[in-house]
Protein chains: 2
Amino acid sequence: MPITIYDIAREAKVGIGTVSRVFNNNPNVTIETRKKVLAVSKRLHYVPHAYAQGLARKRTNTLAAIIPFFTNYFFIEVLKGVQDKCAALGYDLILYGINHPSEVEPYLNKSIQRGRVDGILYFSMKLPVDFAKRFHGVTKPLVLVDSFDESCDSLFVENLEAAKIATGHLISLGHQNVGLIDGNMSSFPARQRLEGFKHAMAEAGLGINEKAVVISTTTKLDGFSRDAGYLAMKEMMTLGAAMPTAIVISSDVQAIGAISALRERGMKVPEDVAIVSFDDIELAVHFGLTTMRQPMYEMGELAVEKLVQRFEHPDAPPSHQTFLPRLVVRTSCGMNKPETYIENFLHTEN
Amino acid sequence: MPITIYDIAREAKVGIGTVSRVFNNNPNVTIETRKKVLAVSKRLHYVPHAYAQGLARKRTNTLAAIIPFFTNYFFIEVLKGVQDKCAALGYDLILYGINHPSEVEPYLNKSIQRGRVDGILYFSMKLPVDFAKRFHGVTKPLVLVDSFDESCDSLFVENLEAAKIATGHLISLGHQNVGLIDGNMSSFPARQRLEGFKHAMAEAGLGINEKAVVISTTTKLDGFSRDAGYLAMKEMMTLGAAMPTAIVISSDVQAIGAISALRERGMKVPEDVAIVSFDDIELAVHFGLTTMRQPMYEMGELAVEKLVQRFEHPDAPPSHQTFLPRLVVRTSCGMNKPETYIENFLHTEN
DNA sequence: CTGAAAGCGCTAACAT
DNA sequence: ATGTTAGCGCTTTCAG
């Protein structure tokens, strides 16, 4: 019963080609016949069939996003940028959420399947090692978001540099014994942040207390969670007198967990321990968190733009773009800059 | 270049029908020929074309989710349930994020377009009034999540009842002057919660102080935000001595904002004001929030199941299923009995 | 400017 | 069990 171009062609007494032209805004149609076709189409409630169009046009106008940790603030925010840009550009977005590394392959396969999507947004995870091999040539445009690989376009936060800035900020405030609470090492950003932390300490001629570097071993959210932060701080506190006077924490949620661990022992931020974290989630203001804000939404938008550009220039060399997080100073680092606080209060996104 | 069943048929010296059968696990194929076909397919890296299959099969194996407020915790969590269930059932999920009411129509149109998706998940918003009319018959399976309409399957939280429970809990603790901080009235859940609040007060023979009911007027996130909660509490505090001793707040994030407004005035929770909110987000524990927990993930899963059932029984009468949030008692209500949990009900109609 | 016809790649009914 | 054929609904030459 669904009506097709044939129905409307017959009814409008034209050929199906003409009907098609009308719907594709092909200029080679008299304004008269165009009107006639449109009228009939409206009367019959004609709507083109997406898959039939896709098959004939050899494109789907759909993108796939392969994304881990659905409930992680960072990804949500990036995804929102992706979603909005897709809408603006007329693309549909298929979401493949990864709960476990083993799910990467099947989704990658689906995405690569001919005629499912035009391109892929691949988030934060490293590509399977033999990826290029196994799909030799069968692959399609893919941009890496928050990750890096020479072979394809990528877009990522300069986490090493950001960690240096965060650590440096604490050092500049006079701290000598600085610690780190980081996410799981399976996470690329977590590794980068560890590096950056070490660099900053080395540059300042400061030694690193091995025990003051607590790396999450949980795989849940790669350790970027309140619980992980709480546990890490508990561990850190076993250091007693040797405990750092300042700590870099790899996400705001972890910082919040860490703060509650501190509170349980009657310790205060920033008086007893100064903190700089990452992300700048909505509640960061509430806790007065000094944090490295990442341009998440913008990254999402740009990722889509990059992918679309790739469609247009399939043979351009891979492009790599980096974002440097911005230090947002509030109170958790012990540096009192209320004006920055106000500036960031009620900050609106969307 | 892309290889098709024709290529592999020729190479394997069989008909395309056989190739198709192999890939559709049709039993009518000798194990031998099956092997042969599979071997050639692997060698040639054959992958079926999704759209071609879709066109021929008249189904896409794809669902659309039309969802507002991407960054709202409630939706994220529900969406995760949706995503996981889709994966389990082999469906792809297209995400249409609504930033503004005006975007509903275009997305609804896209979703309804023939051959784009098999069914639609429509979240929290009311359907356009003339929906049934305008698409007379052209529509496809749609389930309403966190919203209600007689004409189609739906799935929603009993917000009225939940608000009664929340309010009742506060009343049972001895509070007479109870207030409400609610989301924007354009939100269905917000309206329901206002109703429930009123019912509970009436049932308890308590009068309502009009000024102690603060309803957000912002459209951003429909007022379900920290900022809105902060502002609402500020307003509430202008009541001075007439201020409620207990307040029902329509979300945890709002409660958090409200608490900081309280703190600024040196007021404490629950000593000065007792609070019960909604959601039970991750950080609720951190704040000791007594809250109405909604089975968000489960709702997402069930929504997909319902949609799939609808595919199988197109003519079954619409089914409506409700979820009653569970009261999770922590400390913000002033009742110090974390071990007391009121049981979670779930009842189904049809 | 427009109609006819040849695909796009696959499924499914129909023979054999 | 397997090959053949006719669609699925649209786009895109190719004539005219």
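Just so we're clear, the structure is a prediction, and the values are computed from it rather than from any experiment. Numbered from 1 within each chain, the chains take letters A, B, ... in sequence-line order.
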Name every donor-acceptor pair, under 3.5 Å, that has one atom in a side chain of residues 81-94 of chain B and the other anywhere in the protein, sequence neighbours excluded.
| from | atom 1 | to | atom 2 | distance (Å) |
| --- | --- | --- | --- | --- |
| B:Q83 | OE1 | A:G97 | N | 3.4 |
| B:Q83 | NE2 | A:Y107 | OH | 3.4 |
| B:D84 | OD1 | A:N99 | ND2 | 2.9 |
| B:D84 | OD2 | B:Y297 | OH | 2.5 |
| B:K85 | NZ | B:E305 | OE2 | 2.8 |
| B:Y91 | OH | B:R59 | NH2 | 3.4 |
| B:D92 | OD1 | A:Y96 | OH | 3.1 |
| B:D92 | OD1 | A:K110 | NZ | 2.8 |
| B:D92 | OD2 | A:Y96 | OH | 2.9 |
| B:D92 | OD2 | A:R116 | NH1 | 2.6 |

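- No side-chain donor from either of A:D149 and A:S154 sits under 3.5 Å from a side-chain acceptor of the other.
- Taking the side chain as every heavy atom from C-beta outward, A:V14 and A:R34 never approach each other to under 4.5 Å.
- The CD1-C1' distance, from B:I8 to C:dT11, rounds to 15 Å in whole Å.
- Between the CG atom of A:N28 and the C1' atom of C:dG3 there is a distance of 14 Å, rounded to whole Å.
- D:dT4 atom C1' lies 17 Å from atom CZ of B:R10, rounded to whole Å.
- A:R34 places its CZ atom 13 Å from the C1' atom of C:dT2, with the value rounded to the nearest Å.
- A:P68 has its side chain within reach of A:F123: a pair of non-hydrogen atoms, C-beta onward, lies under 4.5 Å apart.
- For an aromatic pair to be called close, the ring centres must be under 6.0 Å apart, and A:Y46 with A:F23 satisfies this.
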Summarise how protein sits on nucleotides 6-15 of chain D as a single string, 5' to 3': B when a protein heavy atom is under 4.0 Å from the base, S for sugar-phosphate-only contact, - for no contact.
-BBBBBBB--
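- B:D118 contributes a side-chain N or O that, together with a main-chain N or O of B:T60, makes up a donor-acceptor pair within less than 3.5 Å.
- Going from atom CG of B:N26 over to atom P of C:dC10 covers 17 Å, rounded to whole Å.
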